[in-house]
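Everything below concerns the one structure shown next.
Every number for a ligand or one of its atoms is a count from 1 in the order of the listing. For clarity, every value in this text was computed on a predicted model and none was experimentally measured.
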Amino acid sequence: MIGVEKASKKKAFNIDAPYHVTGQTKYLDDVPELQGTLYAKVFYSPIAHGHIQHIDASKAAALVGVVRIFSNKDIPGENQVGGIIPDEPLLAEKEVHFIGQPILLVVAETEEIAIKALQLIEVEIEPKEVIVDPRQAFYNESLLSKSRTFNIGDTDKAFDNCKYVFEGTTESGGQEHVYLEPQGAYAIPQNRGSMLIHSSTQGPTAVQRTCARILGVPMNQVEVDVNRIGGGFGGKEDQASPWAAMVALAAYLLQKPVKYILERKEDLQMTGKRHPYKSEYKIGLNEDLRIIAYKATFFQNGGAAADLSPAVLERTLFHATNSYAIPNVNVTAHCCKTHLPPNTAFRGFGGPQGMFVIESAIHRAARELNVSVVELQEKNLMADGLELPYGQIVEECQAQKCWHQSKSNFDFKQATQEIEIFNQNNRYLKKGIALMPVCFGISFTNTPMNNARALVHVYSDGSVGISTGAVEMGQGVSTKMIQIAAQGFGVEADKIKLENTNTTRVANTSPSAASATADLNGKALQDATRQIVERLNVVVLEELKIEKDADIQLKNEWVYVNGVQSDLPWKDLVQKAFLKRVNLSAKGHYSTPRIHFDKTKEKGHPFAYHVYGTAILTTTVDCLRGNYEFDSVRLVHDFGASMNTAIDLGQIEGGLVQGMGWMTLEDVVYNEKGELKSNSLATYKVPDYYTAPKEIDVQFLETEGNEMAILKSKAVGEPPLMYGIGAYFAIANAILAFNPKATIPYSAPMTTEKVLLALYS
Ligand code: MTE
Ligand code: HPA
Ligand code: MOS
């Protein structure tokens with residue numbers, strides 16, 4: 001094995017790295033194709049809203065090499081892919097609701113033939129009114145789910161007692177996932193009518209459930225297998241399912257293997273993105289600049305079907321006050337139905353959208369009051385004992401510690417002074433600095449989803465095979481699972497094989513999401529290893545003839561008794577256990593303790609714990625051109641006791657830059673007809689080597705870690721994205737250094753055009 005054995009002795013390695021850099025890692029498209037494999041392509045709606053009058057696919061069907069063209073009428077089960085709410089057909093029936101909505105599925109002998117066939121399909125669609133704006137949808141009473149309100153205290157009364165009250169609006173844009181590997185699936189018919197599906201999904205069980213529903217078969221007839229995926233970022237939590245259902249449908253009806261991997265253009269057009277939001281806020285402060293009351297209304301642009309929008313909406317409310325202690329809060333969110341592709345999970349899952357609004361409100365209030373934003377933020381940071389608007393009492397709060405450490409460790413005072421001097425000395429280049437605190441709750445907000453299982457086999461030669469529900473998408477969860485099993489058995493990582501994520505080995509899994517994958521699956525895995533170790537300990541007692549209360553430990557692939565190495569190595573122990581007919585396999589289970597939430601009251605204790613941190617972002621704006629660069633991002637992050645510093649650092653850097661992209665460069669543009677204008681990677685810009693901050697400095701907050709986190713190593717996947725929100729305010733502050741009267745639009749992304757407009761406003 002390349003590099004793995006040595007690396008595993010360290011706390012900072014990635015089991016996949018040697019295979020990535022040598023191009024050996026296997027993705028969906030590397031699954032060897034069976035002879036006779038057919039290729040699918042979607043024919044989708046060219047308009048955003050309308051009534052289908054007529055479809056003529058006869059010319060396409062007559063094309064040599066076209067095997068069959070499927071419509072909704074061919075679906076043996078239910079034509080339904082909606083996860084939370086059943087409002088989304090797999091293939092359109094009478095109406096279409098967004099450009100890119102699948103209508104027909106063409107299956108051909110080659111991809112090229114399928115593409116040709118698409119051009120021969122004729123449809124007539126009577127156009128209907130198109131709504132792309134969530135506020136307009138709201139006023140038309142076009143909602144995807146029930147509106148929700150979180151409340152604590154009495155905001156209306158509190159506003160009356162506030163010395164200062166400010167109201168305003170904000171907007172934040174969508175965000176394309178740009179996972180390197182597009183959506184796709186490969187279905188292979190098995191014996192007796194069952195189906196094997198290779199899918200690029202974060203949620204193998206979601207794919208299994210949807211495919212069973214479409215085929216009209218029980219879930220046990222569908223096996224979903226995921227080796228690893230080339231990024232998901234939330235985009236494959238639920239939206240990997242339709243493509244799998246399509247190939248499953250064709251494979252089932254034709255009894256042939258069928259494959260579909262979307263081209264980038266198709267993926268951009270057909271799949272949903274981060275939800276754009278339009279929001280209104282009202283913020284009230286007292287004489288001492290304490291925020292006494294906060295009210296906000298969020299209009300979420302859900303797109304044409306519910307997808308995960310109601311859950312995303314909920315997390316916006318959970319994070320509406322970010323890291324601040326506010327006694328009177330009333331926040332309402334509306335899930336608005338528009339004629340865009342259904343928007344979906346994206347790193348942060350609605351949290352970032354909520355946080356952008358409170359940060360905007362604070363920034364605006366500080367400006368109006370002519371006080372420093374930093375002072376206002378600092379005065380209102382949360383601490384232990386605070387009751388959050390949703391009822392959870394804050395424990396082990398690191399908000400202030402991260403804030404102050406980041407200010408002192410990175411010499412914030414001096415940095416501000418240097419920026420002031422720079423700004424005095426430069427007319428057309430201005431620097432801006434911003435602090436961004438983050439507090440993010442860990443657990444699926446939907447309590448029942450917080451569970452996981454693992455399957456462990458110790459083979460008679462002492463090697464170990466582990467299976468969990470975790471999907472590797474680049475976040476390093478495979479390495480973490482291997483570390484946990486290795487630690488559990490006291491063996492080296494090279495003794496552990498991690499199997500593909502497969503619904504037959506581990507069933508009823510939650511998607512790999514909510515940053516909770518390592519916690520949930522890791523704790524289930526610990527449960528399984530613990531069971532086997534307990535059985536092995538009995539064998540140790542018998543073999544070494546020692547007292548029952550002796551302290552037995554497995555480490556360095558050896559048995560230790562009362563801290564002393566015995567003459568029984570791991571391998572021999574396993575062999576002896578095997579001959580004694582001891583069960584060397586175990587299934588582990590974990591369900592997060594303590595958490596609960598009552599939706600009728602909107603109160604409870606939904607999160608196992610919170611993750612904290614503070615980032616300091618510095619930018620330089622070119623005030624003639626409106627361009628900007630980021631000089632540095634320095635941050636203190638609460639990792640708990642990081643179990644893998646290389647992976648966790650990678651998550652911070654990636655999340656940070658992805659969040660900065662959302663706030664600055666990445667502009668998802670739909671016109672009023674619902675046409676996606678940023679429909680290629682030429683017109684949709686993501687951060688790259690040149691636009692990433694010149695310096696990223698990450699410091700680990702020193703803490704004991706949290707018991708609810710796996711090996712006390714806190715979840716790290718999503719929280720860093722929200723540091724990126726600081727990018728908006730760093731630019732805003734640079735603009736204000738150039739033009740103190742500038743109008744800051746509080747509309748993200750802060751593209752170069754918007755910067756220019758603001759500079760000269
Ligand atoms: N990192 C990489 N490289 N690729 C991804 O797709 N997804 C993010 C985050 N980090 C993602 C990533 C999202 S949206 C989540 S929820 C978490 O990883 C999921 O993995 P975890 O639960 O193991 O943190
Ligand atoms: N986070 C991420 N994904 C989810 C959640 C959540 O809270 N709930 C359902 N899917
Ligand atoms: Mo992440 S948005 O929970 O997949």
Would you say the ring centers of Phe98 and Tyr670 fall short of 6.0 Å from each other?
no
Restricting to non-hydrogen atoms, name the atom on Ala528 and the atom on Gly588 that form the minimum distance, rounded to 0.1 Å.
CB-N, 3.5 Å
Who are the salt bridge (charged side-chain N to carboxylate O under 4.0 Å, His left out) partners of Lys685, not counting sequence neighbours?
none
For a distance cut-off of 3.5 Å, show me each N or O of ligand 3 paired with any protein N or O, plus the separation.
unit_1	atom_1	unit_2	atom_2	d
ligand 3	3 (O)	Ala514	N	2.7
ligand 3	3 (O)	Glu718	OE2	3.4
ligand 3	4 (O)	Gln202	NE2	2.8
ligand 3	4 (O)	Gly234	N	3.4

Using side-chain hydrogen bond (donor to acceptor under 3.5 Å, both in side chains), reason through Glu472 and Ser478 one step at a time and then give a plain yes or no.
CA-CA 6 Å; Glu472 174 64 53; Ser478 290; 3.2 Å; yes
Ring centroids only, cut at 6.0 angstrom: are Tyr277 and Phe356 within range, meaning strictly under it?
no
Applying a heavy-atom distance cut-off of 4.0 Å, which protein residues contact ligand 1?
Gly231, Gly232, Phe233, Gly234, Arg347, Met473, Gly474, Gln475, Ala513, Ala514, Ser515, Ala516, Thr517, Gln651, Gly717, Glu718
Could you name the protein residues that come within less than 4.0 Å of ligand 2, counting only heavy atoms, and order them by chain and residue number?
Glu237, Arg315, Phe349, Phe444, Thr445, Met449, Ala513, Ala514
So, do His177 and Phe346 have ring centers that fall under 6.0 Å from each other?
yes
Tyr179 six-ring face occupied by Lys236 cation (under 6.0 Å, within 45°):
yes
Does Glu707 CD have over 12 foreign heavy atoms under 6.0 Å away?
no
Give a yes or no on whether the backbone of Gly717 and the side-chain of Arg347 come within a donor-acceptor separation of less than 3.5 Å.
yes
Main-chain N/O of Asn502 paired to Asn500 side chain as donor or acceptor, under 3.5 Å:
no
Please check if the side chain of Gln183 supplies one atom and the backbone of Gly235 the other of a donor-acceptor pair under 3.5 Å.
yes
Looking at the rings of His319 and Phe607, which for Trp means the six-membered one, are their centres under 6.0 Å apart?
yes
Keeping the roles fixed (side chain from Asn301, backbone from His275), state whether a donor-acceptor pair exists under 3.5 Å.
no
